[in-house]
Amino acid sequence: MTDTPRITTEARGPLWLMGLNRPDKRNAFDTRMLRELAEAYTALEEGDARCGVLFAHGEHFTGGLDLAEVAPQIAGGKGLILEGKVDPWGVHGRQREKPVVMAIRGRCLTLGIELALAQDVVVAADDARFAQIEIKRGIFPFGGATWRLPATAGWGNAMRWLLTGDEFDAREAHRIGLVQEVTAPGQELARAIRIAETIAAQAPLGVKETIRSARRALVEDAAARALIPALLGMMGSEDAREGLMSFLERRAAVFKGK
């Protein structure tokens, strides 16, 4: 196994910077990268930093899951987040309480969008491109998009992208509330850091309670509990197998509803 970390971390004053670091694979998440991100979020929560900043090394934020490596583990019922660690997606297990600002550039697919929905403030470069393409793989989003995107964007705006898997740009992401600011390419991280510094300068207890109070208004528990049972049932379908094979063979999938 290479010693190069999948997730870089850096303490910068009151900030904790976390960088996706698999640029040769468009920062696609394998199980090691998922684990390291959970560990980085846990370090944020347990350390002295007041605000996190999530970004990506390379030209793209993430190409999504490394399906060839992760899908067999999901189908086998194995957890993707370490027990006792903070879940960056805020779906299962331990929840984060410190704020996180996220910076996006290039492609941001599937669980990258779900990461954005789970953070507090998101900045995107004008060249960012988004797509929630699970529907094209014979499965459905299982990182929170099925309830957070309708809550953020409204039902019709959410279904437009969840049910088609079509790509949309940074301007559309801003219109529907997925991102809060759009910058020139290359300026997104600096802007995210400036916002994080402003948050970090505020009263820490007030920031934490603001996040807690806002979350109490969201009804997520029932949807979160139903995700994995529904996903495991779907992973055994012919369509899910076809979706994975079409991805590996780089062809369009032919679904049968079975």
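Index from 1, following the sequence.
Both Trp155 and Phe168 are assigned to one and the same hydrophobic cluster, defined by single-linkage of ILVMFWY side chains at heavy-atom distances under 4.5 Å. By the criterion of side-chain heavy atoms lying less than 4.5 angstrom apart, applied directly or through intervening Ile, Leu, Val, Met, Phe, Trp or Tyr residues, Ile133 is not grouped with Val254; the two fall into different hydrophobic clusters. The hydrophobic cluster containing Leu117 does not contain Val53, counting ILVMFWY residues as joined when their side-chain heavy atoms lie under 4.5 angstrom apart, directly or transitively. Under the 4.5 Å side-chain contact rule for hydrophobic residues, Ile104 and Ile176 share a cluster. A continuous path of hydrophobic side-chain contacts links Ile113 to Met33 [ILVMFWY only; heavy atoms under 4.5 Å].
Side-chain atoms of Thr62 never come within 3.5 Å of backbone atoms of Gly112 as a donor-acceptor pair (strictly under, hydrogens ignored). Using a distance-only test at 3.5 Å, with no hydrogens or angles considered, a donor-acceptor pair links the side chain of Trp16 to the main chain of Ala40. Counting only distance, with no hydrogens or angles, the side chain of Glu36 and the backbone of Ile7 share a donor-acceptor pair below 3.5 Å. Within the 3.5 Å criterion, the main-chain N or O of Arg160 finds no donor-acceptor partner in the side chain of Asp166. Of the possible polar contacts, none joining the Arg22 side chain to the Asn27 backbone as a donor-acceptor pair under 3.5 Å is found. Between the His174 side chain and the Gln180 main chain, a donor and an acceptor come within less than 3.5 Å of each other. Using a distance-only test at 3.5 Å, with no hydrogens or angles considered, no donor-acceptor pair links the side chain of Gln132 to the main chain of Leu162. Using modelled atom types, one side-chain atom of Asn21 and one backbone atom of Pro5 make a donor-acceptor pair closer than 3.5 Å. A donor-acceptor pair under 3.5 Å is absent between the side-chain atoms of Glu188 and the main chain of Ala125, judged by distance alone. A donor-acceptor pair under 3.5 Å is absent between the side-chain atoms of Glu134 and the main chain of Ile139, judged by distance alone.
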Derivation of the side-chain contact (heavy atoms from CB on, under 4.5 Å) call for Trp89 and Leu115
CA-CA 6 Å; Trp89 287 267; Leu115 264 177; 3.4 Å; yes
After noting the C-alpha distance and the side-chain angles of Glu209 and Arg212, does the key distance pass the salt bridge (Lys or Arg N to Asp or Glu O under 4.0 Å) rule?
CA-CA 5 Å; Glu209 192 54 45; Arg212 285 176 177 170; 3.5 Å; yes
side-chain contact (heavy atoms from CB on, under 4.5 Å), that's the test. Do Glu114 and Leu111 meet it? Break it down for me.
CA-CA 5 Å; Glu114 293 176 302; Leu111 81 172; 3.9 Å; yes
Is there a salt bridge (Lys or Arg N to Asp or Glu O under 4.0 Å) between Asp120 and Arg96? Walk through the geometry before answering.
CA-CA 11 Å; Asp120 299 299; Arg96 114 184 119 76; 2.7 Å; yes
Go through Leu149 and Asn157 one step at a time and tell me if the side-chain contact (heavy atoms from CB on, under 4.5 Å) criterion holds.
CA-CA 8 Å; Leu149 194 56; Asn157 286 327; over 6 Å; no
Could you walk me through whether Met102 and Phe61 pass the side-chain contact (heavy atoms from CB on, under 4.5 Å) test, one step at a time?
CA-CA 10 Å; Met102 179 167 152; Phe61 186 79; 3.4 Å; yes
Go through the steps for Trp147 and Phe140 under the test ring pair (Phe, Tyr, Trp, His ring centres under 6.0 Å), then give the verdict.
CA-CA 12 Å; Trp147 70 81; Phe140 72 105; over 10 Å; no
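Between the side chains of Trp161 and Glu172, at least one donor N or O lies within less than 3.5 Å of an accepting N or O. Side-chain contact of Thr31 with Glu69: a donor-acceptor pair under 3.5 Å is present, judged by distance alone. For Arg194 and Thr198, the side-chain atoms include no donor-acceptor pair closer than 3.5 Å. No hydrogens or angles considered: nothing links the side chains of Glu97 and Gln95 as a donor-acceptor pair under 3.5 Å.
Between Val91 and Phe142 the shortest side-chain heavy-atom distance does not fall below 4.5 Å. You'll find the side chain of Pro150 reaches within 4.5 Å of the side chain of Met159, heavy atoms only. Put simply, the side chain of Phe55 does not reach to within 4.5 Å of the side chain of Ile193, judged on heavy atoms. Looking at heavy atoms from C-beta onward, Arg129 lies out of side-chain contact with Cys108 at the 4.5 angstrom threshold. In this structure the side chain of Leu178 never reaches within 4.5 angstrom of the side chain of Val122, judged on heavy atoms. The side-chain heavy atoms of Thr210 and Arg215, taken from C-beta on, include no pair separated by under 4.5 Å. No side-chain heavy atom of Lys98 sits under 4.5 Å from any side-chain heavy atom of Glu46. In this structure, the side chains of Thr110 and Arg137 stay at 4.5 Å or more apart for every pair of heavy atoms.
To the nearest 0.5 angstrom, Leu17 atom CG is 9.5 Å from Leu54 atom CG. If you take CG on Leu20 and CG on Leu37, they are separated by 6.5 Å, rounding to the nearest 0.5 Å. Considering CG of Leu189 and CD of Gln187, their distance stands at 9.5 Å, rounded to 0.5 Å. Residue Phe29 holds its CZ atom at 8.5 Å from CG of Leu65, rounded to the nearest 0.5 Å.
Contact between Leu44 and Met18 at its shortest, heavy atoms only, is CD2-CE, 4.4 Å. Pairing each heavy atom of Ala196 with each of Gly52, the nearest pair is CB-O, 4.5 Å. Closest heavy-atom contact between Phe130 and Ala124: CZ-CB, 4.3 Å. Closest heavy-atom contact between Ala170 and Val182: O-CG2, 3.9 Å.
Look at Asp30 and Arg35 and you find no salt bridge, because none of the NZ, NE, NH1 or NH2 atoms lies under 4.0 Å from a carboxylate O. Between Arg191 and Glu181 there is a salt bridge, since at least one side-chain N of the basic residue sits less than 4.0 Å from a carboxylate O of the acidic one. The existence of a salt bridge linking Glu167 and Arg107 is confirmed by a sub-4.0 Å separation between a basic side-chain nitrogen and an acidic carboxylate oxygen. A salt bridge links Arg171 with Asp126: the closest approach of a Lys/Arg side-chain nitrogen to an acidic carboxylate oxygen falls below 4.0 angstrom.
Within a 6.0 Å radius of CG in Asp24, other residues, nucleotides and ligands contribute more than 12 heavy atoms.
Test Val100, Leu15, Val207 against Ile199 for side-chain contact (heavy atoms from CB on, under 4.5 Å) and you get one pass: Val207.
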